[in-house]
Amino acid sequence: LICRQLYLIKDKHDYEAERQLIARLAACYQDMFALDDAGSLLQDTAEGYLQDEKLRRAVDEQYGEGCALYIAAAVKRYYE
């Protein structure tokens with residue numbers, strides 16, 4: 001759901017909404033994987049979206065064209 005919401009705002013340049021959604025995504029990762037901090041996992045996932053075309057296509061097929069690259073960029077902005 002969060003990835004879909006990110007897709008819906010990707011062309012709006014709403015960086016506050018983006019930041020809130022990435023924070024929610026991090027919290028979900030923390031809960032799902034029992035992590036103290038999901039930052040490394042999110043950043044590794046973002047890097048995977050940038051480097052792995054097959055993974056990128058799978059995400060885009062599920063959430064919408066360009067979603068994987070947008071999420072990768074949003075995660076990078078969040079952790080800068």
Side-chain angles (χ1 to χ4, degrees):
L1 180 63
I2 295 170
C3 291
R4 183 68 176 152
Q5 291 173 323
L6 281 163
Y7 175 75
L8 293 174
I9 67 163
K10 78 179 185 70
D11 295 322
K12 296 182 180 179
H13 306 287
D14 185 346
Y15 298 113
E16 182 56 33
E18 172 187 284
R19 187 164 190 68
Q20 290 174 5
L21 288 167
I22 295 298
R24 285 179 49 204
L25 187 60
C28 287
Y29 273 42
Q30 283 178 230
D31 290 344
M32 278 192 308
F33 300 110
L35 301 170
D36 291 328
D37 180 11
S40 293
L41 180 56
L42 272 175
Q43 291 176 79
D44 288 347
T45 301
E47 192 60 34
Y49 291 168
L50 295 172
Q51 301 298 323
D52 187 335
E53 185 179 336
K54 191 174 183 179
L55 176 59
R56 189 169 51 244
R57 272 196 318 255
V59 170
D60 286 354
E61 285 174 9
Q62 185 166 4
Y63 298 109
E65 187 67 33
C67 190
L69 291 177
Y70 174 71
I71 291 172
V75 167
K76 287 188 177 291
R77 279 190 289 275
Y78 185 84
Y79 287 102
E80 285 181 337

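What's counted below: heavy atoms across the whole structure, side chains too, no hydrogens, waters or symmetry copies. We count residues from 1, following the sequence as given.
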Could you walk me through whether K10 and L8 pass the side-chain contact (heavy atoms from CB on, under 4.5 Å) check? CA-CA 6 Å; K10 78 179 185 70; L8 293 174; over 6 Å; no
Any link between [X] and [Y] through a network of hydrophobic side chains (Ile, Leu, Val, Met, Phe, Trp, Tyr) touching at under 4.5 Å?
X: Y7; Y: Y29; result: no
X: V59; Y: L25; result: yes
X: L1; Y: F33; result: no
X: Y15; Y: V75; result: no
X: L55; Y: L42; result: yes

Can you tell me how far the [atom1] atom of [X] sits from the [atom2] atom of [Y], to the nearest 0.5 Å?
X: E16; Y: I9; atom1: CD; atom2: CD1; value: 10.0 Å
X: R56; Y: E65; atom1: CZ; atom2: CD; value: 10.0 Å
X: T45; Y: L50; atom1: OG1; atom2: CG; value: 11.0 Å

Would you say the side-chain atoms of [X] pair up with the backbone N or O of [Y], donor to acceptor, closer than 3.5 Å?
X: D60; Y: A68; answer: yes
X: R24; Y: I2; answer: no
X: Q30; Y: D37; answer: no

Are the charged groups of R57 and E53 less than 4.0 angstrom apart, N to O?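 Looking at R57 and E53, the cut-off is met.
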Taking all non-hydrogen atoms of both residues into account, name the closest pair between [X] and [Y] and its distance.
X: I71; Y: C3; result: CD1-SG, 3.8 Å
X: Y79; Y: A26; result: OH-CB, 3.8 Å
X: A46; Y: A72; result: O-CB, 3.5 Å
X: Y63; Y: R4; result: O-NH1, 2.7 Å

Do the side-chain N and O atoms of Q43 and E47 include a donor-acceptor pair separated by under 3.5 angstrom?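 Judged by distance alone, the side chains do not pair up.
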Regarding E18 and Y78, do their side chains bring together a donor and an acceptor under 3.5 Å, going by distance alone?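 Not at all, the side chains of E18 and Y78 share no donor-acceptor pair under 3.5 Å.
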Any chance you could lay out the side-chain contact (heavy atoms from CB on, under 4.5 Å) test for Y49 and L69, step after step, and finish with the verdict? CA-CA 6 Å; Y49 291 168; L69 291 177; 5.6 Å; no
